[in-house]
Amino acid sequence: MGGRLDEQVALVTGAARGQGRAHCLRMASEGADIIAVDLAAPLPDAVPYESATPDDLAETRRLVEETGRTIITAQADVRDLDALRAIVDDGVAQLGKLTTVVANAGICIPVIWDQTSPELFDDVIGVNVRGVWNTVMASAQHVIDSGGGSIILISSYAGKKVQPFMVPYTTSKHAVTGMTRAFAAELGQYNVRVNSIHPGGVATPMGGGDMVAELERTGASNPKLNLMATTFTEQTYAEPEEIAAVAAFLASDDSKFMTSEHLSVDGGSQYF
């Protein structure tokens, strides 16, 4: 019995670890070949967690190859449109087509509103908004040329509600929500669906390093706001594989009449 994603080729950004790796592994396990892109190098200085490394990206390659699928890996900054285009063009030349895109790369920096520098704001918007736009611009024509497919933008709980003490991040993720609708409207005529996923807390390396300390520091400035991300469920955070399962659904024909949708995986916290 074949997988839901047999004969598909998926581009995943931020693929070296965390959610990105989970997307690669889930889609490969369902039959897709993978083009995996990650910076795998130092992130902007204000980012409070460790950067992914080339070894992380190599581990994603190893794990995908264990599924029997083909994977092409490349290092690039999603803010560099020319670099992304070159990688995607080369991947399509090797694999024959592109049917699925997961624009997953992003950064998160807790910061109190009046401590936000222009440089920090630009870093977050550059990766989380321009980087997502670049990913779509580098890949959409290939998806069209393949007869259509699915483009999945990873937004956040913060793209529907608000993540306190993260004005740049919340701004960026609302932009991704709007970008989803805008691309869905224009690409629908080509049988290209565009949807977004909105995770709440996820157990990934983004929560490591000094992230918890920074969340506590910024949260102390207005403690009542710390309750905003409370879940309705006893489960308080997702595993990256849970987000990848939703992305695989959106990549498959099981969602073929869904576009411009914004699917939350947050235990209800957007409504708390």
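The shown structure was predicted, so the numbers you read here are calculated from the model rather than taken from an experiment.
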So if you build clusters from Ile, Leu, Val, Met, Phe, Trp, Tyr with side-chain heavy-atom gaps below 4.5 Å, do [X] and [Y] land together?
X	Y	value
Val127	Val111	yes
Ile71	Ile87	no
Phe165	Phe121	no
Ile125	Val162	no
Ile144	Leu81	yes

(message) Strictly below 4.0 Å, N to O, side chains only: are Arg217 and Glu214 in salt-bridge contact?
(response)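 A salt bridge links Arg217 with Glu214.
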When you measure from the side chain of [X] to the backbone of [Y], do you find a donor-acceptor pair of N or O atoms at a distance under 3.5 Å?
X	Y	answer
Asp6	Gly3	yes
Thr99	Val9	yes
Ser255	Phe249	yes
Gln8	Ala251	yes
Thr170	Ala158	no
Ser252	Asp254	yes
Asp56	Ala16	no
Asn195	Met258	yes
His198	Ser156	yes
Ser150	Thr100	no

Minimum heavy-atom distance between [X] and [Y], given as atom pair plus value:
X	Y	answer
Leu98	Ala10	CD1-C, 4.1 Å
Val212	Gly207	CG2-O, 3.8 Å
Ser155	Thr177	OG-OG1, 3.5 Å
Thr259	Ala184	OG1-CB, 3.6 Å
Ser139	Val101	OG-CG2, 3.4 Å
Ala28	Arg69	O-CG, 3.2 Å

Hey, is [atom1] on [X] packed in by over 12 heavy atoms from elsewhere, all under 6.0 Å?
X	atom1	answer
Phe232	CZ	yes
Glu7	CD	no
Asp114	CG	yes
Glu186	CD	no
Glu50	CD	no

Non-hydrogen side-chain atoms of [X] and [Y] separated by less than 4.5 Å:
X	Y	value
Ser269	Lys161	no
Asp123	Arg79	yes
Lys173	Asn128	yes
Leu215	Met166	yes
Ile35	Gln94	no
Pro164	Asn222	no
Tyr157	Val202	no
Asp80	Asn134	no

Rounded to the nearest 0.5 Å, what separates atom [atom1] in [X] from atom [atom2] in [Y]?
X	Y	atom1	atom2	answer
Asp33	Met27	CG	CE	13.0 Å
Ile152	Glu261	CD1	CD	13.5 Å
Ile154	Ile197	CD1	CD1	4.0 Å
Thr231	Phe272	OG1	CZ	8.5 Å
Leu153	Ser196	CG	OG	6.5 Å
Ile34	His23	CD1	NE2	11.0 Å

(request) For side chain to side chain contact (heavy atoms under 4.5 Å, CB included), just list the numbers for Val78 and Leu39, CA-CA rounded to whole Å, side-chain angles, deciding distance to a tenth of an Å, and then say yes or no. (result) CA-CA 8 Å; Val78 292; Leu39 177 65; over 6 Å; no
(request) Before giving the answer on side chain to side chain contact (heavy atoms under 4.5 Å, CB included), spell out for Tyr49 and Ile107 the whole-Å C-alpha distance, their side-chain angles and the decisive distance to 0.1 Å. (result) CA-CA 10 Å; Tyr49 47 88; Ile107 60 173; 3.7 Å; yes
(request) Give the C-alpha distance, both sets of side-chain angles, the deciding distance and a yes or no for side chain to side chain contact (heavy atoms under 4.5 Å, CB included) between Val176 and His262. (result) CA-CA 10 Å; Val176 171; His262 315 289; over 6 Å; no
(request) Assess whether side chain to side chain contact (heavy atoms under 4.5 Å, CB included) is satisfied between Glu242 and Gln235, documenting all intermediate values. (result) CA-CA 12 Å; Glu242 295 177 88; Gln235 179 180 340; 3.2 Å; yes
